[in-house]
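Report on one structure; see the data block that follows.
Just so it is clear: chains get the letters A, B, ... in the order the sequence lines come, proteins before strands, and each one is counted from 1. Here the structure is a predicted model, which is why all the values come from computation and not from measurement.
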Protein chains: 2
Amino acid sequence: MTGVSIAAAADELGLSADTLRYYEKDGLLLRAVPRTSSGHRTYAEADLRWITLVTRLRATGMPIRDVRRYADLVRAGEGNEEERLALLQAHREDVLRQLAEVTAHLGAIDHKIGIYEHTLEKLSASA
Amino acid sequence: MTGVSIAAAADELGLSADTLRYYEKDGLLLRAVPRTSSGHRTYAEADLRWITLVTRLRATGMPIRDVRRYADLVRAGEGNEEERLALLQAHREDVLRQLAEVTAHLGAIDHKIGIYEHTLEKLSASA
DNA sequence: TTCCTCCCTGGAGTGCACTCCAGGTCAAGT
DNA sequence: ACTTGACCTGGAGTGCACTCCAGGGAGGAA
């Protein structure tokens with residue numbers, strides 16, 4: 001229950017301490033992370049869980065602006081679940097679209113790779 | 001064989017004219033696009049095909065720097081096919097890693113969506 | 001006491017990939 | 001002849017998401 005330092009949190013989350021401070025300043029967290037008597041941040045379990053979700057949203061391409069909007073909704077408390085759901089569903093659609101697009105392009109690139117492999121195979125066979 | 005204007009090329013490729021000029025200036029194309037007597041760019045089929053590949057590489061997250069490196073190799077002519085192949089294969093690995101990561105995070109987000117849907121369903125049932 | 005380490009804040013700086021702009025040219029339409 | 005519209009060049013500006021820095025404080029080791 002004591003909470004961990006920013007370095008430990010950064011390490012566990014795979015983010016930099018700077019990024020953690022930046023997220024907090026930018027309103028992506030649900031609360032200002034509590035400080036020790038000497039003013040150092042001390043991250044509780046709940047903070048780390050929330051930031052994990054933030055990293056998931058970011059890693060799937062959600063812009064900072066939208067993460068903040070979502071954080072604002074959650075911070076506002078119960079009663080706006082429909083809005084939260086809509087935001088997540090919209091993001092889900094974006095991600096699926098993106099996955100499909102990347103997969104399609106990758107197919108074309110794979111094809112090109114196949115051609116090079118074939119060419120090089122022939123070259124080495126005739127050498 | 002006549003070639004198309006930058007506006008037509010941009011339209012066909014889904015890029016802006018500015019981006020097309022930027023790619024050319026930045027060395028992402030195989031050659032300076034030929035100009036008409038009045039100095040306007042005129043894109044040949046081969047130019048469009050190459051730029052299509054560039055958009056595929058970009059859309060799958062390859063940085064401009066690497067696209068340029070690849071363009072440099074192709075421009076250098078035959079004999080460096082292994083290097084080209086290595087570059088594309090490395091990119092392919094990056095993309096696959098990225099797809100796996102996004103898919104995994106999406107799963108967690110989907111789970112969260114499921115919880116909201118369940119909550120809202122119950123709410124509306126009890127209303 | 002002095003040093004070291006970790007952390008703080010506010011703000012400036014960075015890298016990337018465009019995007020926009022000013023000032024100008026050219027060919028075609030009226 | 002004049003205007004319009006598409007295009008040219010070089011270079012400045014933009015948005016995003018960090019990342020770095022200066023100057024300073026608190027607590028513990030030697």
A/G39 or A/K25, whichever maps to the more 5' nucleotide of DNA chain C
A/G39
For A/L20 and D/dC20, give me the distance from atom CG to atom P, rounded to whole Å.
15 Å
If you compare every side-chain N and O of B/S16 against the phosphate oxygens of C/dC18 (OP1, OP2), does one of them come in below 4.0 Å?
no
Euclidean distance, atom CZ of residue A/R68 to atom C1' of D/dC16 [Å, nearest integer]:
11 Å
Rounded to the Å, how far apart are A/E24 CD and D/dA17 P?
18 Å
When you look at A/Q89 and A/E93, which way does the side-chain contact (heavy atoms from CB on, under 4.5 Å) test go after all the steps?
CA-CA 6 Å; A/Q89 280 174 336; A/E93 292 309 310; 5.7 Å; no
Tell me which residues in residues 94-102 of chain B lie within less than 4.0 Å of DNA chain D, going by non-hydrogen atoms.
none
Between D/dC7, D/dG27, D/dC18, spot the one nearest the side chain of B/I6, thanks.
D/dC7
Less than 4.0 angstrom from a charged side-chain N to a carboxylate O is my criterion; do B/D72 and B/R69 meet it?
no
Does A/R75 use its side chain to pair, donor to acceptor, with the backbone of A/L29 at less than 3.5 Å?
yes
Considering just the side-chain nitrogens and oxygens of A/R65, establish if one lies under 4.0 Å of OP1 or OP2 belonging to D/dC16.
yes
What are the two closest heavy atoms between B/L88 and B/L57, and how far apart are they?
CD2-CD2, 4.2 Å
Between OH of A/Y43 and P of C/dC6 the distance, given in whole Å, is 16 Å
Let's see if you can work this out: which of C/dC8, D/dC8, D/dG27 has an atom nearest to the side-chain heavy atoms of A/H40?
C/dC8
Nearest-Å distance, CG (A/D26) to C1' (C/dG10)?
14 Å
Contacts of B/R35 and A/Y22 projected onto DNA chain D by closest heavy atom; the upstream (5') one is B/R35
Separation of D/dA17 P from A/L57 CG (nearest whole Å):
13 Å
Please state whether the base of D/dC20 and the side chain of A/D18 form at least one donor-acceptor pair under 3.5 Å?
yes
Can we say A/E24 and A/R35 salt-bridge, meaning some charged N sits less than 4.0 Å from an Asp/Glu carboxylate O?
yes
Below 4.0 Å: OP1/OP2 of C/dC18 and any side-chain N or O of B/Y23:
yes
Mapping B/S38 and A/T19 onto DNA chain D by nearest heavy atom, which one lands closer to the 5' end?
B/S38
B/V102 side chain reached by A/L99 side chain, heavy atoms, under 4.5 Å:
yes
Presence of B/R21 side-chain N/O under 4.0 Å of C/dT19 phosphate oxygens OP1/OP2
no
Give a yes or no on this: more than 12 heavy atoms of other residues, nucleotides or ligands lie within 6.0 Å of atom CD of B/E117.
yes
Can you tell me if the side-chain N/O atoms of A/R41 get under 4.0 Å from OP1 or OP2 in C/dT9?
yes
Using 30° and 60° as the class limits, which term best fits the ring planes of B/Y70 and A/Y116: parallel, tilted or perpendicular?
perpendicular
Under 4.0 Å, counting only non-hydrogen atoms across every strand here, what does B/A7 touch: a base, just sugar-phosphate, or nothing?
sugar-phosphate
On the nucleotide C/dC7, are OP1 or OP2 found under 4.0 Å from the side-chain N or O atoms that A/S5 carries?
yes
